[in-house]
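Report on the structure given below.
Keep in mind that the numbers below use all heavy atoms, side chains included, and drop hydrogens, waters and symmetry copies. For clarity, every value in this text was computed on a predicted model and none was experimentally measured.
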Amino acid sequence: MANSISQYWVRLLINLIFSISHLATQDLMETQEEVKEEGVGYVVMRNLFSRETDFKMRTVKKSRETSLRESAERLSLSRKMHEKEEFQKKMNPDSLTHPPEFIVKPRGQTVWEGKSVTLHCTVAGWPKPRVSWYKNNVLIDAKAHPEKYFTESQYNMHSLEIKNCSFSDTAEYRISALNVKGESSAFAPVIIKNWICSHFSMHDQIIFPEYGVTFNTTIIDKFDVSFGREGETMSLGCTVIVYPTVKRYQPEIVWYRNGVVLSPSKWVHMHWSGEQATLTLVHLNKEDEGLYTLRVNTKSGFDTHSAYVFVRDADVEEEGVPVAPLDVRCHDANKDYVVVTWKQPAVEGSSSIIGYFIDRLEVGTHHWTQCNDTPVKYARFPVTGLTEGRSYTFRVRALNNSGVSRPSRASDPVVAMDPSDRARLRAGPSAPWTGMIKFTEEDPTVGVVPGPPTDLAVTEATKSYVVLSWKPPIQRGHEGVMYYVEKCLVGTETWQRVNTGMPVKSPRFALFDLAEGKSYSFRVRSCNSAGVGEPSEETGATTVGDRLDLPSVPGPVIPIRNTDTSVVVCWGASKEVKNLVGYYIEVSINGSGVWVPCNNKPVKGTRFVCHGLNTGDKCVFRVKAVNAAGYSGSSAESEACIVQASIGEYSVPSPPTGVTLLERVRDYMVLGWQAPTKTGGADIRGYYLDYRTVKDGVTSKWHEINLQTVTGTSYKVTDLKENVFYQFQVRAVNRAGISESSIPTVALECKEWTVAVPGPPHGLRVQEVRKDSMVLLWEPPTFSGRSPVTGYYVDYKEENGRWRCVQERSTKNTYMKLTGLQEGVSYRLRIHAKNVAGVGGPSKETDAILAETRPGTNEIVVDVDDDGVISLIFECSDLKEDSQFVWSKNYKAFTDTSRLTVQTSGVKSRAIFNDPSLEDLGIYSCVVTNTDGVSASYTLTEEGLKRLLDISRDHQFPIIPFKSEMTIELQEKGRVRLWAEVAKFTSNCQVEYVFNDNIIHEGKYTMNFNKTTGITEMFMDSLEVTDEGTFTFNLVDGKATGRTSLVLIGEKFAELQKKSEFERAEWVRRQGPHFVEYLSFKVTPECDVHLKCKVGNIKPATEIAWFKDGIEIEEDDEDAKKIKKSDEVVCASLFPQFPQQISKKDAGVYEVKLKDERGKDKTLLNLTDAANSSTELKVMSTEHGIILYSFVVHYIEDLHIGWLHKESKISHSDRVQCGVTGEQLWLKINEPTEKDKGKYAIDIFNGQGSVKRVLDLSGQGKNRARVVGGLPDVVAIQEGKSLNLTGNVWGDPVPEVSWVKNDKALLSDDHYTLKFEHGKFASITIAAVKTIDSGKYALLVKNKYGTEAAEFTVSVYIPEDEGEKRECKYTLPSAVLVQK
């Protein structure tokens, strides 16, 4: 029997060996067949063995064992060579890249509901693969859902953590690894089990199967938002209807608080009656506040209902003390040590919280023991000195300046024991059907001193305490160990034992009473019955102080109307915060200053619905953050919000439009859209984006992209997959709610753009719509192409027209004003961007915009107030509650607020220029939000700014205008009058009289200001030497000032003083007999020469005597007979009635003297030298040339006249003529030329001596005043028409112009309009001519080089035929006929 068995085993072994050999040989042959059979080596070997040559064959016999061993060795060698080859391929730099490969794949897991699960895997590949996680083939966005998912990738190890698992997390999870060589995926199912489901028996499932039955669940009589107070009892309930009704079948009822499953306890009672689900909260505490959810589960699905429960603080026992802390928990429990944490209360009381007291209670006793003598500021405290094996509960009280709060709800009991023992107790027996075998040694080893503890570290460090942790020593024998803690002040070498009296049992220890700001090092020693071991390695220097900083102030708070009793509050998260506990929201009625907490349990989100408000109240909100270190500062108060339902005054906005792809790369796309055309009467708070994938025309479900609203009109969607098609939609949100979704985009493929031209601009918006213009604004394209954007083109079209470009050249601005539009026509607009490569595609076109000016449209008005402040004012009567005036410069938000100050009051907004300058030039626009496009703009140009600055200066420093500046007037007796006339003033105007910077008063000077006429004047009876200087009138009229001055110094003063003295002397002279007209001669028509003078104030007794050459003419003289007298005139006829000529004997000096008791006077006339009586040469221009002339007192034939030009005697010709007319000696030059320039002289010789008068005409002929054309000789015009004539004038300097009619000067009035424009054109307009306007007219021009007159004749006629009237105006060579 034994032999048969042994033979059987031998045969079996042999068969096994042969099978192995066969397999090895087959494997080797397959390996060799991979080489090309027709390779060079194969052919050579074949030819070698096929030669017909002699060779010797040696046969070697091998045993089967040797053959099998050699085959195995060859097989092993082949495998090693293959592995080496593969390794070399991977190490070859030319072959480093390889597709992703999962070294460790994720494993499927089954966990309980409410727990967390983590999937791990390891991926190799080069380049390093990009990893994405999917749930049921839907991409998981961990950044968008940080509260649910957490992904991590380190050193090719990847993990996905699913937090707080719920039933909906049951799914197949996939991880995809992708690089340039390919893609690889691995799958792992995750099953979430329910605690209650686990208690269902198999019997129930068999008796009541749900196969083929679909249950519909409906929840009615739902519980609403509830409010309770600490200490009260509250019940929440709903009625649940399950259809169809199956006997003895009950759905699963699960209650949640803030997403955590609730279990029955002494504080929570649950009841299910078959139809009614009830949750009872016994003795409410703030820990019970939160969002409660009822979930009804069936195999066909589930239904839920949620509502918030608010728990308010109980009344405090003492006014001003804080309310109780909440949520006391125990952590890191050990043999004699536990860490207690809690959350700060919402209300600190009348003063800030100083600290907290921690109390402990041993389970089974009734006495609370205070753990700390000094209040701790941190919401975390290590409690030491516990008794191992005993259970404790803890509570916390808050302290401020007013007292101590009520204690918090006690924590759950915790056992003081070693964590490893606690883990064994929790695990229970590993094999309950066989029991657990434990190996112990009854007698511990004696005499083993424990080694040093390891991994000593400072886990917590505050200014109140420091917590150390370590691991037990490896060498410790078989008995328990305890520990001594030692400290050393940095800088010293002295170690001090902290716990001398009692060693600690736990590898945790808290040190108190350390000096704040000092640095310490720590070490730990182990001890047992054998002794104290060596110290551990010391820690680094630890400075005593708070490591955890207070959180930063939360961001802006935005209230949004919700219902009649609630408001949705959103805020910006604290940017600098560690270990955030949550936020407290406070509310106050606007203006009251009383703040009440909205929540008594911190919330971690940045959005909260504040319930329990009173309808119609105007509330403001603020938020503060809290962590273990304490409270942050309160945020800025929000805008006031009226508590009322958002439906009514406000409505949700219309959907956004024009969702456009702006840029795309391999893993992201940038989208842009246009804001809603209707805002619903409230500000657009932001936008939400959704996406879905499209594959082969099949779309997936919509998924949210962003949880926080997007404030702009563009967004970068990241974490997309390359070459996958997506659709997007956008929704807008305002205080009334969320709008409908925009029209989904077409399927967009996520792949990188390679075009050179820029992408489309986005964010098109239109404002300032008027009947003939509108302003278009846009945002630059996100994708600029291969070069920067250099400009934009604007297209427009009418509603059914074709696209046309607005401008020929591109604009670099991101705005454009379109003008020349037709009123009542609708237009659509779009934009192209361009760069060096070319012009990109068009943007999404705008909606149709009607060109019209709506009723009540206002424009921006420029104002300069009385203080000279320049401002722009815009008024809007169509304001909503939340409407705001938004000012911008060049259609961009203000960046330099120092240039402009905006003030808004009611329906008017004012933009004030702080310091107007050229920097402020530009386009200023104002848009009123939450209106139907109310906007306007104003362009400030350099010319406009200069004008405004002038007005501002006039307003800021107003000047009193003068009709007439200060003028001097010489009056009778030589009295001097200084006067000026004020043009505009008020009754408050005052005048200050100043002489040489000194104010003068009544005395020597007489001053007067006539407020009726506006004339201010000052009188001086006589001018003295001390009166030489500057006289000034200073006027002050409120803010306005005026100043006029007159300088009387030097020759001007001397001349005025001389005239004043002369006038005074003349007045004295006129008090007696005097000459009114001095002695002169006159030639009568009879050629008699009369010497005459006029006297005044004479009496009969006044003596009148005539003298010739100093000899009195007696009565009996022949000359005395020629003297005739009248009352006031004395005449002397010197010559006979018809004298042939004047004889030389009549020449002489004639004198008349007056004399009586009042005084005397005399007058002289020299008739001895006619030459010396000649005047200086003067020039006069005529239409034909110039005339040089001089006058003599009387002309006699004995005078010899000679004219010289450039010291040469002038020869007479037709062009140059000379002569005498009366007493005028003249030289006429017709049509003067350049040769006629130079010095002219007249030489007058009377036989005894000569007088020479000289005049320089260099350049005067060229610059003399002339009429160079434009006027006719004769004008004939019909009565009743208007006549307009213009003459061209020349002269340098510019001549003075006047018009005469029949030798009488004309003045401008309603009938005659006289103008002189640009120094060249003189015009006369006669309105409705009459026959009396006929006559001889002349245009007179004059400058210092001469005068000229252009004459013409106007003839007014009355037509006989009043036929058709025509208007005709033309010029003839010699006449003008005007009909009108």
dist N614:CG -> C619:SG (nearest 0.5 Å) comes out at 7.5 Å
Look at D327 together with K286 and state whether they make a salt bridge at an N to O cut-off of under 4.0 Å.
no
Using a 4.5 Å cut-off on heavy atoms from C-beta on, say whether the side chain of F728 contacts that of I705.
yes
Nearest heavy-atom contact between P407 and R397 is CA-CG, 3.6 Å
Check: V603 and I585 side chains under 4.5 Å, non-hydrogen atoms:
yes
If you measure from CD on E275 to OG1 on T245, what distance do you get to the nearest 0.5 Å?
8.5 Å
Take Y691 and W702, measure what ring pair (Phe, Tyr, Trp, His ring centres under 6.0 Å) needs, and give me the verdict at the end.
CA-CA 5 Å; Y691 79 95; W702 287 105; 8.2 Å; no
Assess whether a salt bridge exists between E639 and K618, defined as any Lys/Arg side-chain N lying under 4.0 Å from an Asp/Glu carboxylate O.
no
Close side-chain approach of I873 to K908, heavy-atom, < 4.5 Å
yes
Got L294 and I253 here, is their nearest side-chain heavy-atom distance under 4.5 Å?
yes
Just checking, R910 and W887: is the charged tip under 6.0 Å from the six-membered ring centre and within 45° of the axis?
no
Quick one: does S909's side chain have a donor or acceptor within less than 3.5 Å of a partner on F885's backbone?
no
Scan side-chain atoms only and decide if Q727 and R692 contain a donor-acceptor pair under the 3.5 Å cut-off.
yes
I'd like to know if the side chain of Q729 pairs up with that of Y688 as donor and acceptor (distance under 3.5 Å, no hydrogens or angles considered).
no
Hey, what's the ring geometry for Y308 with F310, parallel, tilted or perpendicular (30° and 60° as the breaks)?
tilted
Which pair of heavy atoms, one from L236 and one from S226, lies closest together, and at what distance?
CD2-OG, 3.7 Å
Once you round to the nearest 0.5 Å, how far does OH of Y584 lie from OG of S634?
13.0 Å
Within the 3.5 Å criterion, strictly below it, is a donor on T929 or S883 matched to an acceptor on the partner's side chain?
no
What I want to check is whether the side chains of D683 and N734 have a donor and an acceptor closer together than 3.5 Å.
no
If I take atom NE2 from residue H305 and atom OG1 from residue T293, how far apart are they, to the nearest 0.5 angstrom?
8.5 Å
Going by the rule side chain to side chain donor-acceptor pair (under 3.5 Å), which residues pair with R257 if we only count those two or more places apart in sequence or in a different chain?
D288, Y292
E230 side chain near R406 side chain, heavy-atom distance below 4.5 Å
yes
Considering only heavy atoms from C-beta outward, does the side chain of Y687 approach that of P676 to under 4.5 Å?
yes
Interatomic spacing from CD in Q644 to OG1 in T615 - rounded to 0.5 Å:
9.0 Å
In terms of relative ring orientation, are F302 and F167 parallel, tilted or perpendicular, with 30° and 60° separating the classes?
perpendicular
Under 4.0 Å between a Lys/Arg side-chain N and an Asp/Glu carboxylate O for D169 and K148?
yes
Which heavy atom in P322 sits nearest to a heavy atom in V316, and how many Å separate them?
O-CG1, 4.3 Å
Ignoring hydrogens and angles, state whether a donor on the side chain of T278 or S235 is under 3.5 Å from an acceptor on the partner side chain.
no
If you define the side chain from C-beta out and look only at heavy atoms, does anything of W673 sit under 4.5 Å from S742?
no
Heavy-atom distance under 4.5 Å between the side chains of R295 and E252, does that happen here?
no
Nearest 0.5 Å, what's the CD-CD1 distance between Q276 and I220?
9.0 Å
Does the Lys NZ or Arg CZ of R622 fall within the cation-pi geometry relative to W595 - under 6.0 Å from the ring centre and within 45° of the axis?
yes
Indicate the atoms forming the closest heavy-atom contact of T709 with G686, along with that distance.
CB-CA, 3.9 Å
Q708 and T606: side chain donor to acceptor below 3.5 Å:
yes
